[in-house]
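Taking it in order: structure first as structure tokens, then the write-up.
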Amino acid sequence: PIYAPPAEVKPETNEQKLQKIVNELLQTERAYVSRLHLLSKEFYAKLLEEANRGSFPVDVVNKIFSNTPSINLFHSDFLLPALEKRMTEWSTTPRIGDILQKLAPFLKMYAEYVRNFDNAMELVKIWMDRSSQFKQIIQDIQKDRKS
């Protein structure tokens, strides 16, 4: 048999590397928005609905979810659409720094979320033990997500 040397693999250009990174960021943002939607539209909404029936305090639900609905809104209505739009314009505008810089002030929302996180987890634990309705809603949503 005749030996043929392996075809030369051309190294990726910086532009190709950048586009890969931005595509990964976009995929990660889509997955994150999906999880935020689950938190806001499933867990928060259903727990709030039950709390409004008097099964457990509305205040507890609001403390658990803190500003999660605002964070969801920011990512689903602003950051994700801006990134998706930019990807369609990538050949003429191959950058995202301007988007991130413009939206950076909104990321301050995470300070409140992080400050509240441990307290929120403690409230979930307490109310899972204290309220069968609270526990059932959480378990039902988790079960639905697995099937």
Side-chain angles (χ1 to χ4, degrees), residues 7 9-147:
V9 177
K10 291 192 180 265
E12 274 186 314
T13 65
N14 284 341
E15 290 80 14
Q16 289 169 321
K17 287 178 188 173
L18 180 60
Q19 187 158 11
K20 260 189 186 175
I21 291 167
V22 173
N23 273 321
E24 173 123 358
L25 177 68
L26 183 58
Q27 294 310 314
T28 301
E29 183 66 14
R30 284 181 179 143
Y32 185 57
V33 165
S34 173
R35 287 175 182 84
L36 285 170
H37 180 82
L38 175 68
L39 270 177
S40 290
K41 306 295 184 209
E42 296 283 329
F43 285 99
Y44 181 60
K46 288 179 180 171
L47 287 168
L48 198 56
E49 185 181 317
E50 187 61 33
N52 283 321
R53 289 190 190 115
S55 300
F56 40 84
V58 169
D59 189 46
V60 167
V61 177
N62 287 328
K63 283 180 181 172
I64 289 170
F65 290 92
S66 176
N67 61 343
T68 304
S70 300
I71 290 171
N72 180 38
L73 188 71
F74 165 71
H75 283 274
S76 60
D77 289 6
F78 296 98
L79 184 55
L80 181 58
L83 291 174
E84 288 176 330
K85 182 176 186 290
R86 181 57 54 88
M87 288 309 292
T88 66
E89 305 163 343
W90 192 256
S91 60
T92 58
T93 317
R95 65 180 175 273
I96 60 166
D98 58 320
I99 293 170
L100 299 176
Q101 188 174 21
K102 184 175 86 176
L103 297 177
F106 294 99
L107 296 175
K108 291 177 183 167
M109 290 186 284
Y110 280 95
E112 179 183 336
Y113 176 82
V114 169
R115 270 194 308 273
N116 185 56
F117 186 80
D118 290 340
N119 184 43
M121 292 299 98
E122 186 61 26
L123 283 171
V124 169
K125 187 173 171 238
I126 288 167
W127 284 93
M128 289 283 284
D129 292 339
R130 197 177 284 179
S131 168
S132 59
Q133 294 97 328
F134 186 99
K135 185 176 185 174
Q136 192 62 55
I137 290 168
I138 300 288
Q139 289 175 336
D140 287 350
I141 294 170
Q142 289 174 330
K143 190 178 66 181
D144 288 348
R145 295 300 294 173
K146 288 180 182 171
S147 54

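Here Thr68 contributes atom OG1 and Asn116 contributes atom CG; the two are 8.0 Å apart, rounded to the nearest 0.5 Å. A distance of 6.0 Å separates CZ of Phe65 from CG of Leu39, quoted to the nearest 0.5 Å. Interatomic distance, Leu26 CG to Gln19 CD, rounded to the nearest 0.5 Å: 11.0 Å. Atom-to-atom distance recorded for Leu36:CG and Glu29:CD is 8.0 Å, nearest 0.5 angstrom. Atom CD1 in Ile141 sits 10.5 Å away from atom CD in Gln136 (nearest 0.5 Å). Here Arg30 contributes atom CZ and Leu80 contributes atom CG; the two are 6.5 Å apart, rounded to the nearest 0.5 Å.
Residue Asn67 comes nearest to Met109 through the heavy atom pair ND2-O, 2.8 Å, listed as atom of the first residue, atom of the second, then distance. Counting all heavy atoms, side chain and backbone alike, Val33 lies closest to Asn72 at O-OD1, 4.1 Å. Taking each heavy atom of Tyr110 and Tyr32 in turn, the nearest pair found is OH-OH, 2.6 Å. Nearest heavy atoms, Pro81 versus His75: CD-O, 3.8 Å. The minimum heavy-atom distance linking Glu112 with Ser66 is given by the pair OE2-OG, 3.1 Å.
Annotation: Gln27, atom CD; neighbour count of heavy atoms from other residues, nucleotides and ligands within 6.0 Å is above 12.
Scored by the ring-ring contact (aromatic ring centres under 6.0 Å, His included) test, Phe78 finds no partners at all (sequence neighbours excluded). Remark: Tyr113 pairs with no residue by the ring-ring contact (aromatic ring centres under 6.0 Å, His included) rule, at least two apart or across chains. Phe43 meets the ring-ring contact (aromatic ring centres under 6.0 Å, His included) test with no other residue; sequence neighbours excluded.
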Donor-acceptor pairs under 3.5 angstrom involving side-chain atoms of residues 117-130: please list them, not counting sequence neighbours.
none

Using atom types as modelled, flag every donor-acceptor pair under 3.5 Å from a side chain in residues 94-108 to any protein atom, sequence neighbours excluded.
residue, atom, partner, partner atom, Å
Asp98, OD1, Arg86, NH1, 2.8
Asp98, OD2, Arg86, NH1, 3.2
Asp98, OD2, Arg86, NH2, 2.9

I'd like a table of donor-acceptor pairs (distance under 3.5 Å, sequence neighbours excluded) in which one partner is a side-chain atom from residues 44-52, with atom names and distances.
residue, atom, partner, partner atom, Å
Tyr44, OH, Asn62, OD1, 2.7
Lys46, NZ, Glu42, OE1, 3.0
Glu49, OE2, Arg53, NH2, 2.9
Glu50, OE1, Arg53, NH1, 2.6
Glu50, OE2, Ser55, OG, 2.3
Asn52, ND2, Leu48, O, 3.1

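Under the 4.5 Å side-chain criterion, counting only non-hydrogen atoms from C-beta, Trp90 is in contact with Leu18.
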